[in-house]
Visitor: 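Before I ask anything, here is the structure I am working with.
Order of the sequence lines sets the chain letters (A, B, ...), proteins ahead of strands, with each chain counted from 1.
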Number of protein chains: 2
Amino acid sequence: MKRNSRLSLALHTLRHMAGNPDRVQTSADIADHAGTNPVVVRRVLGRLREAGLLTSEKGHAGGWKLARAPESITLADVYLALDESLIATAPQEQPPACSIEHALHRRVSGVMKEIEESLIERLRETTISEVRGE
Amino acid sequence: MKRNSRLSLALHTLRHMAGNPDRVQTSADIADHAGTNPVVVRRVLGRLREAGLLTSEKGHAGGWKLARAPESITLADVYLALDESLIATAPQEQPPACSIEHALHRRVSGVMKEIEESLIERLRETTISEVRGE
DNA sequence: ACTCTCGCAACTAACGTTGTTACAAGACGA
DNA sequence: TCGTCTTGTAACAACGTTAGTTGCGAGAGT
């Protein structure tokens with residue numbers, strides 16, 4: 001699939017949890033609803049747990065739950081937790097060998113970094129609670 | 001390699017041409033300088049030709065040349081010619097089935113589109129002539 | 001004990017990108 | 001006209017990334 005799908009899965013799941021913050025959901029439930037696989041769910045939500053957005057418990061009544069108030073979780077938090085870095089400029093491993101190439105890379109990287117900043121800025125304006133189907 | 005490399009190759013080549021606008025260069029020369037393959041060069045530069053930035057000629061004195069004044073070619077022109085669409089949101093082929101998923105997709109797509117606009121805006125500020133190694 | 005859950009590692013499959021080979025078609029000069 | 005240089009294009013291999021899948025171990029709870 002696309003680069004997008006991890007972010008989609010994460011947001012989708014969090015948004016559902018935001019509507020019912022105390023309910024514990026298993027990976028299997030989530031996978032079922034999202035049309036994917038429990039292992040994939042654990043992979044993605046594991047990132048969110050590392051970032052402090054979710055908690056997980058093993059055992060009978062185990063599963064996933066929000067770790068914080070949904071009003072305090074922005075789209076940017078999710079984006080950053082996954083560190084997708086949509087705006088990728090390859091880190092130019094080779095020594096430039098051509099000053100033009102070097103200058104171009106610097107220029108483009110600069111713009112990309114700026115743009116990624118503003119993307120994050122923009123995502124930070126919305127919390128997961130605020131997105132709702134009409 | 002990375003998503004980035006087509007854009008890098010295109011910009012690198014155009015920048016060199018901008019410094020010597022009347023010289024005709026073969027794909028082999030360009031590939032050699034960029035450390036890649038003539039076929040790859042033709043693939044990438046072919047896009048630029050379709051966009052009206054370059055011309056190509058077959059035969060003995062054939063090769064590639066700028067189609068326009070280098071001062072009139074911006075980084076955005078190159079980016080758009082390649083239609084890389086760095087900011088990809090998958091076009092959600094499936095019917096949503098879940099209104100939350102739908103709303104999220106709309107929200108995220110909206111932000112992404114905005115961001116891509118501002119990237120292009122930003123790239124439009126610089127012409128290929130203006131980038132130079134110090 | 002038994003069962004349910006997450007955690008994790010390993011493997012497969014699909015996809016996109018680059019690189020490579022091969023060949024056809026057009027342009028030019030001898 | 002013939003040979004040679006070039007682009008144009010198709011087909012294929014190589015590689016990396018991602019999602020999906022299977023299997024097994026480790027905790028938690030009954």
Visitor: Got a sec, which residues hit side chain to side chain contact (heavy atoms under 4.5 Å, CB included) with Val24(A), two or more places apart in sequence or on another chain?
Guide: Lys65(A)

Visitor: How long is the line joining CD of Glu50(A) and C1' of dC6(C), in whole Å?
Guide: 14 Å

Visitor: Going by salt bridge (charged side-chain N to carboxylate O under 4.0 Å, His left out), name the residues that satisfy it together with Glu114(A), two or more places apart in sequence or in a different chain.
Guide: Arg122(B)

Visitor: For Ser56(A), what residues pass the side-chain hydrogen bond (donor to acceptor under 3.5 Å, both in side chains) criterion, not counting sequence neighbours?
Guide: Arg49(A)

Visitor: Please report, rounded to the nearest Å, how far the P atom of dT5(C) is from the CG atom of Leu54(A).
Guide: 17 Å

Visitor: Counting side-chain heavy atoms from C-beta on, which of dT17(C), dT7(D), dC6(C) comes nearest to Ser5(B)?
Guide: dT17(C)

Visitor: Test of understanding: with salt bridge (charged side-chain N to carboxylate O under 4.0 Å, His left out), list the residues that count as partners of Glu57(A), not counting sequence neighbours.
Guide: none

Visitor: May I have the list of side-chain donor-acceptor pairs in residues 67-77 of chain B shorter than 3.5 Å, sequence neighbours left out?
Guide:
{"residue": "Arg68(B)", "atom": "NE", "partner": "Ser72(B)", "partner atom": "OG", "Å": "3.4"}
{"residue": "Arg68(B)", "atom": "NH2", "partner": "Ser72(B)", "partner atom": "O", "Å": "2.8"}
{"residue": "Ser72(B)", "atom": "OG", "partner": "Ala69(B)", "partner atom": "O", "Å": "2.8"}
{"residue": "Thr74(B)", "atom": "OG1", "partner": "Ala76(B)", "partner atom": "N", "Å": "3.3"}
{"residue": "Thr74(B)", "atom": "OG1", "partner": "Asp77(B)", "partner atom": "N", "Å": "3.2"}
{"residue": "Thr74(B)", "atom": "OG1", "partner": "Asp77(B)", "partner atom": "OD2", "Å": "3.3"}
{"residue": "Asp77(B)", "atom": "OD2", "partner": "Thr74(B)", "partner atom": "N", "Å": "2.9"}

Visitor: Expressed as a whole number of angstroms, how long is the span from Leu82(B):CG to dG16(C):P?
Guide: 18 Å

Visitor: Pull out every residue in residues 28-46 of chain A that has a heavy atom closer than 4.0 Å to any atom of DNA chain D, ordered by number, or say none.
Guide: Thr36(A), Asn37(A), Val39(A), Val40(A), Arg43(A)

Visitor: If every non-hydrogen atom of Ile115(A) is compared with every non-hydrogen atom of Ser118(B), which pair is closest and at what distance?
Guide: CD1-OG, 3.7 Å

Visitor: If a protein heavy atom is under 4.0 Å from the base, mark B; if only from the sugar-phosphate, S; if neither, -; do that for nucleotides 25-30 of chain D going 5' to 3'.
Guide: -BBBB-

Visitor: Quick test of your reading: applying ring-ring contact (aromatic ring centres under 6.0 Å, His included), list the pairs with at least one residue in residues 16-75 of chain B, sequence neighbours left out, ordered by first then second residue.
Guide: His12(B)-His16(B), His12(B)-His33(B), His16(B)-His33(B)

Visitor: Using OP1 and OP2 only, check whether a side-chain N or O of Ser56(B) sits under 4.0 Å from dT7(D).
Guide: no

Visitor: Can you name the residues that form a salt bridge (charged side-chain N to carboxylate O under 4.0 Å, His left out) with Arg47(A), not counting sequence neighbours?
Guide: Asp83(A)

Visitor: Between atom CD in Gln25(B) and atom P in dT7(D), what is the gap in whole Å?
Guide: 11 Å

Visitor: Round to the nearest Å and state the distance from Lys65(A) atom NZ to dC6(C) atom C1'.
Guide: 16 Å

